[in-house]
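The next block holds one structure in the form of structure tokens; read it before the comments.
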Number of protein chains: 2
Amino acid sequence: MHKMNSKNKTFIDKLRSSGLRPTNQRVEISKFLFNRKKTFHFTVEELKNSMNLKRSKKISTATFYNTVHALKSAGHLKEFSLENNTSYYDTNIKSHHHFFDNGKVIDIKSDKITFHKLPDAPKGKKIKNVEVVIRLENNN
Amino acid sequence: MHKMNSKNKTFIDKLRSSGLRPTNQRVEISKFLFNRKKTFHFTVEELKNSMNLKRSKKISTATFYNTVHALKSAGHLKEFSLENNTSYYDTNIKSHHHFFDNGKVIDIKSDKITFHKLPDAPKGKKIKNVEVVIRLENNN
DNA sequence: ACATACTTTAGAATAATTATAAAGTAGTTA
DNA sequence: TAACTACTTTATAATTATTCTAAAGTATGT
Ligand SMILES: [Mn+2]
Ligand SMILES: [Mn+2]
Ligand SMILES: [Zn+2]
Ligand SMILES: [Zn+2]
């Protein structure tokens, strides 16, 4: 007997543990999000467009927002922000770092960045996490 | 004869170098933003509300947005994002780090954080800047 | 099958931001 | 200073991302 961590949960388990019945729409969304090798970074609009492109019967905007929101609340997605007014989501829920390259987001594993010096938290506070963004530009 | 860097520009100079005539409204906004000791982090709504609170003749929303946008484009303000769909601005335009503490933003001087290990930029790219966010929570 | 609870959806509502266009103000010229 | 012109401010409309609402659809238990 061994308990399952979020990483090993199937996309159906992730729905269940988010309090969502695995309906057709939700299963397709969850599969699209989690059944892949690499981390996926997306906005709800992007998700909706790429999934609905190939379908005759479209999944509604509200279902995309509701499902993503529930998955996020249950800790299966992480929300982050770029420099515009849109929410991005990350299937990698561990604290980790990113390259930002003209709107493209790439994960950097936590062990690729280590610190020589870090400030103390202000009095009465403690550090929850430390995340780095490395912004890229083209050579020359 | 010595050239002025952005830091030493008066709030009027910052308007001029943003291509904005120093009208009454703009001068008041620029003074409010830049005539202070410490870095100021704000949203346009917050700026508008705090400035208009004490005025009988309100400055319009459009003027706030236009002025902030021009100052940002000229490099006198830096835009950043928290985890919601609102733009924040920073009067500290140098690349630097932040504490995020439940919506409150605090500058960390660049020399307070140094790295032991950093990844190389992907091929064809170079690093523009490296910025750290330290998220805080309350003790216990 | 019936009742009930949960789900999906279209469309309305909201919030942040940007665009439009009319009225106001300033700078320049005669 | 009067007239001319260009720039500015503002109210309001439009847009975008997101959330809400309520009606119609679907699943589950008896
Ligand atoms: Mn926007
Ligand atoms: Mn929002
Ligand atoms: Zn990531
Ligand atoms: Zn700052």
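Letters A, B, ... are given to chains in the order of the sequence lines, protein chains preceding strands, and every chain is numbered from 1. Here the structure is a predicted model, which is why all the values come from computation and not from measurement.
B:Ser87 comes within 4.0 angstrom of sugar-phosphate atoms only, judged by non-hydrogen atoms across all strands, and of no base. Residue-level contact check: B:Lys48 touches neither bases nor backbone, having no heavy atom under 4.0 Å from any strand.
Residues A:Phe99 and A:Arg135 are not in side-chain contact: their nearest non-hydrogen atoms beyond the backbone lie 4.5 Å or more apart. Within the 4.5 Å cutoff, side-chain heavy atoms of B:Ser50 are placed close to those of B:Phe32.
Annotation: proximity of residues 59-69 of chain A to DNA chain C (heavy atom, distance under 4.0 Å) is found for A:Ile59, A:Ser60, A:Ala62, A:Thr63, numbered in ascending order. Residues of residues 18-27 of chain B that place a heavy atom closer than 4.0 Å to DNA chain D, in numerical order, are B:Arg21, B:Thr23, B:Gln25, B:Arg26.
Rounding to whole angstrom units, CG of residue A:Asn84 and P of D:dA17 are separated by 9 Å. Spacing between atom CZ of A:Phe42 and atom P of D:dA17 amounts to 16 Å, rounded to whole angstrom units. A:Asn49 has its CG atom 15 Å from the C1' atom of D:dT18, to the nearest Å. In this structure, CG of A:Asn85 is placed 11 Å from C1' of D:dT18, rounded to the nearest angstrom. Look at CG on A:Leu82: it is 16 Å from C1' on D:dT16, rounded to the nearest Å. As a whole-Å value, the separation of B:Ile29 CD1 from D:dT8 P is 13 Å. Distance B:Lys58 NZ to D:dT12 P: 16 Å, rounded to the nearest Å. The separation between B:Glu45 atom CD and C:dT18 atom C1' is 14 Å, rounded to whole Å.
In this structure, the side chain of B:Lys78 does not engage the main chain of B:Gly75 through any donor-acceptor pair within 3.5 Å.
The side chain of A:Lys57 places an N or O atom within less than 4.0 Å of a non-bridging phosphate oxygen (OP1 or OP2) of C:dT9.
The one candidate from A:Asn92, A:Thr39, A:Asp90 that meets the side chain to side chain donor-acceptor pair (under 3.5 Å) condition with A:His98 is A:Asp90.
A cation-pi arrangement is absent between A:Arg36 and A:Phe34, since the terminal nitrogen or guanidinium carbon is not both under 6.0 Å from the aromatic centre and inside a 45° cone about the axis.
Below 30°, between 30° and 60°, or above 60°: for A:His41 and A:Phe80 the angle between ring planes is above 60°, a perpendicular geometry.
For B:Thr63 and B:Gln25, the side-chain atoms include no donor-acceptor pair closer than 3.5 Å.
Looking at B:Glu131 and B:Lys94, no side-chain N of the basic residue comes within less than 4.0 Å of a carboxylate O on the acidic one, giving no salt bridge. A salt bridge links A:Glu45 to A:Lys48: at least one charged side-chain nitrogen sits closer than 4.0 Å to a carboxylate oxygen.
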